[in-house]
Amino acid sequence: MLDRTYLRENTDEVRDALENRGADVDLDEFLELDERWRELKARGDDLRHERNQITKKIGKLVADGKEEEREEAIKRSRELKAEIEEVEEEGVELEDELRERILEIPQVPDESVPLGLDERHNVEDRRWGFDDLRELPDEITPHYDLGEDLDIIDEERAAKTTGSGFYFLKGEGAQLEHALIQFMMDIHREQGYVDVFPPVPVKSTSMRGTGQLPKFADDAYRLGGSNEEEYDDEDLWLCPTAEVPVTNMYANEILLDDDLPLKHQAYTPNFRREAGEHGTETRGIVRVHQFNKVELVNFVEPEDSYDRLEELLGEAEEVLKRLGLPYRILELCTGDLTFASAKTYDIEVWAPGDDMDDGPEQGGRWLEVSSASNFEDFQARRAGLRYRPERHESADYLHTLNASGLAIPRVMVAILEYYQNEDGTVTIPEPLQPYMGGKEVIEGHEKVGESALGAGERE
RNA sequence: GCCAGGAUGGCCGAACGGUAAGGCGCACGCCUGGAAAGCGUGUUCCCUUUGGGAUUCUGGGUUCAAAUCCCAGUCCUGGCGCCA
């Protein structure tokens with residue numbers, strides 16, 4: 001959320017920012033409402049002032065026993081009460097309207113963010129790991145086929161128990177999932193992160209604090225009600241990213257100067273509806289309704305946030321470096337920034353299994369595994385996250401940042417495809433082996449049930 | 001889920017229906033050779049800032065006037081119940 005005074009005083013800058021984002025917000029109408037509200041506010045304040053004077057006088061008149069003057073004053077006070085009600089009623093309406101509307105105005109991008117309409121204008125900063133690639137099979141089996149062959153990913157049965165867009169991991173697949181989580185969290189612990197294991201359902205107020213609501217209700221899973229219905233502050237949603245519970249855990253608090261920078265990591269399941277996304281690009285476990293992710297959330301002093309963003313990016317990258325997975329870093333352009341972000345870097349891992357048009361020369365495709373964003377005080381203002389700067393009287397909004405560290409399924413896709421061997425097994429990256437009980441290669445499992453028999457996959 | 005008690009500033013904590021004490025912390029100033037102590041001022045938000053308004057968990061109600069009385073809700077604490 002932007003500051004209202006800021007909107008009044010920097011109208012042109014905000015207008016440009018909205019334009020660059022391609023945001024559909026009527027700023028002029030907002031400012032007109034604001035102007036009207038300020039008029040009413042001034043009138044109401046004057047009337048209340050008069051009434052307060054009279055009320056105070058009544059107290060004295062009662063004490064002095066001046067019956068007649070008292071009656072007169074009470075009469076005037078009643079009149080004022082009616083007037084005030086009239087003026088303030090409209091004032092409150094406008095105030096509510098303004099409060100709602102300002103929630104839909106997106107963050108102003110940092111000046112360093114490249115201009116552009118959409119993902120085509122994102123800027124590639126650098127690549128890592130392509131100079132020294134491992135030897136790959138001639139034909140790389142995409143993870144969804146391989147996962148089925150090895151019987152470590154089972155989408156069909158998950159469709160039966162839950163629905164499409166969900167999957168079972170089995171045996172070595174499930175083991176790999178747990179291993180990745182522990183591996184990542186160990187790395188981030190080294191980097192100074194304090195673990196948090198948050199509650200998975202979150203209230204509407206939390207979703208609003210980080211910017212998922214009100215605009216993106218359709219992307220989330222709501223508990224106990226349809227997404228089309230009105231929701232209120234206490235209604236619950238399934239965590240779409242640990243950013244939501246973790247950022248909001250200090251909502252309406254004032255942190256101590258000494259607490260900052262505060263770095264939390266949280267492993268949670270994430271739930272996303274992402275309605276209507278089907279096709280070759282989303283086959284397998286690249287885009288699913290439930291996935292696990294280790295999230296990094298930072299709370300910092302405003303002057304440190306851009307330095308921290310660079311460091312945060314490095315902390316997330318470290319996971320891919322240690323796994324030896326090639327990747328690239330993108331700087332998102334203004335049109336591709338998410339609602340609350342002032343600046344974002346994407347980390348995209350290389351998954352060589354499926355050739356896509358926008359993939360690298362070596363074939364395969366890019367998979368986004370993390371977005372490192374600086375939200376400046378946008379979320380802090382919505383969620384009421386403050387700190388007290390040294391030598392300063394009043395509390396100030398702090399800055400929040402976050403990055404995935406990382407999204408597990410897509411890393412798993414990269415491992416299954418990049419570490420695939422000619423014989424259809426998968427080599428486990430060395431640093432991960434201790435987390436897999438010393439196992440070095442994923443060899444798969446014998447399939448279960450008559451369906452396997454019928455398909456000739458069992459005798 | 002039931003019963004009882006509670007929610008006041010950054011923190012602690014007072015307040016017969018008459019317009020929010022006091023303390024702590026912090027900032028600034030005075031005092032001092034310097035510091036401590038002491039003294040003074042400030043320390044929520046909003047507006048058109050020598051001024052004014054709002055604000056005692058939230059929302060309603062009674063009243064000329066509500067932290068205070070009434071109703072509803074949220075959360076916390078304790079007890080009981082249920083329970084992996």
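Order of the sequence lines fixes the chain letters, A, B, ..., with proteins taken first and strands second; residue numbering starts at 1 for each chain. Everything quoted here is computed from the prediction, not taken from an experiment.
One interatomic measurement links the two molecules: CD of E95(A) to C1' of C47(B), which rounds to 11 Å at whole-angstrom precision. In this structure, H49(A) atom NE2 and U19(B) atom C1' are separated by 15 Å, rounded to whole Å.
A donor and an acceptor atom sit less than 3.5 Å apart, one in the side chain of D45(A) and one in the base of G52(B).
Base-pair partner of A7(B): U74(B) (Watson-Crick or G-U wobble, both distances under 3.5 Å). The partner of U62(B), taking Watson-Crick or G-U wobble pairs whose two distances both stay under 3.5 Å, does not exist in any strand shown. Taking a pair to require two hydrogen-bonding distances under 3.5 Å in either a Watson-Crick or a G-U wobble arrangement, C80(B) pairs with G1(B). Base pairing of A67(B) is not made with any nucleotide, judged by Watson-Crick or G-U wobble geometry with both donor-acceptor distances under 3.5 Å. Checking A20(B) for Watson-Crick or G-U wobble geometry (two distances, each under 3.5 Å) identifies no partner in any strand. Nucleotide C28(B): paired with G40(B) (Watson-Crick or G-U wobble, both distances less than 3.5 Å).
For the 3.5 Å distance criterion, the side chains of D186(A) and Y435(A) qualify, holding a donor opposite an acceptor. Between the side chains of T400(A) and Q379(A), at least one donor N or O lies within less than 3.5 Å of an accepting N or O. A donor atom on one side chain and an acceptor atom on the other are not found under 3.5 Å apart for N374(A) and Y345(A).
A close approach under 4.0 Å does occur between a side-chain nitrogen or oxygen of R78(A) and OP1 or OP2 of C64(B). Residue K81(A) has a polar side-chain atom (N or O) positioned under 4.0 Å from OP1 or OP2 of A65(B). The shortest distance between the side-chain N/O atoms of N52(A) and the OP1/OP2 oxygens of G52(B) is not below 4.0 Å.
For the P atom pair drawn from G22(B) and G33(B), the interatomic distance equals 32 Å after rounding to whole Å. C76(B) and C30(B) have their P atoms separated by 48 Å, given to the nearest Å.
Using a 4.0 Å heavy-atom cutoff across all strands shown, R70(A) reaches no nucleic acid atom at all. If you check every strand for non-hydrogen atoms under 4.0 Å, R8(A) touches sugar and phosphate atoms only.
Taking 4.0 Å as the cut-off between side-chain N and carboxylate O, E79(A) and R76(A) count as a salt-bridged pair.
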Start with the C-alpha gap between V14(A) and Y6(A), add the side-chain angles, then the distance that decides, and say whether side chain to side chain contact (heavy atoms under 4.5 Å, CB included) holds.
-> CA-CA 9 Å; V14(A) 175; Y6(A) 177 84; 3.7 Å; yes
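Both I254(A) and E39(A) sit near RNA chain B, but only I254(A) has its closest nucleotide nearer the 5' end.
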